[in-house]
Amino acid sequence: MNDLIWDKTLSVDVPEIDEDHRRLVDLFNILNRAVAQGDAADYIEAVMEELLSCTAWHFRHEERLMLKYGYAGLPAHKAEHEELITSAKELQQKLLQQGKAVSSEEIAFLEHWLTGHILGTDKDLGSYLCEVM
Ligand SMILES: [Fe+2]
Ligand SMILES: [Fe+2]
C-alpha cells in the first residue's frame, strides 16, 4: 500500500487542525511502512501506541476549540471521536492478544478510520471555525 499523501483534499482550512492531521498522517505512514517491511512486532506496537495517543491528544484539541467557539455540533462530533478511539483500541488489543503482524486489511481499516473522519466531520467543523475564528 502506498503512503497516504497529505494535500489540500485533506485540509480543513484551519492551520492548527491541519498541523495535527499532518502529524497523524505521518504516523500512519510510518506504521504502514513498518508493516510493509515486516518490522518487529514490538516496534509496530510502539508506532500504534504513538498513533493512538497522538489521536487522543488531537481529539481533545478539537473538542477544546469546539467549546471555545460554541460549536453546536460538539456532542455528535465528540461521540464520533469516542467511537474512533474505541475501534482503534479494539484493533490494538486484538493484535496484542494474537501477537501477530498487522494485515493489509487492518491497515486499510486504519486508513479509512483516519481519513473518513477528517473528510466528513472535521471538514464541517473547519467550515464553522473559518467563519468564527
Ligand atoms: Fe481531526
Ligand atoms: Fe474530529
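Numbering of ligands and ligand atoms starts at 1, following listing order.
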Inset, instruction - Side-chain contact test, heavy atoms from C-beta onward, threshold under 4.5 Å: evaluate it for His77 versus Asp124 and give yes or no. - result: no

Legend entry - Atom name, His21 (N, O or S, nearest to the Fe ion (ligand 1)): NE2

Legend entry - the Fe ion (ligand 1) to Glu62: nearest N/O/S atom name: OE2

Inset, instruction - Specify whether His58 and His81 have parallel, tilted or perpendicular ring planes, treating 30° as the upper limit for parallel and 60° as the lower limit for perpendicular. - result: tilted

Legend entry - Test: Glu106 and Lys94 ion pair at under 4.0 Å: yes

Inset, instruction - Would you please say whether a donor-acceptor pair under 3.5 Å links the side chains of Thr86 and Glu83? - result: no

Inset, instruction - Would you give the angle at the Fe ion (ligand 2) between His77 atom NE2 and His117 atom NE2, to the nearest 10°? - result: 90°

Inset, instruction - Measure from the Fe ion (ligand 2) to each N, O or S atom of Asp122 and report whether any distance is below 2.8 Å. - result: yes

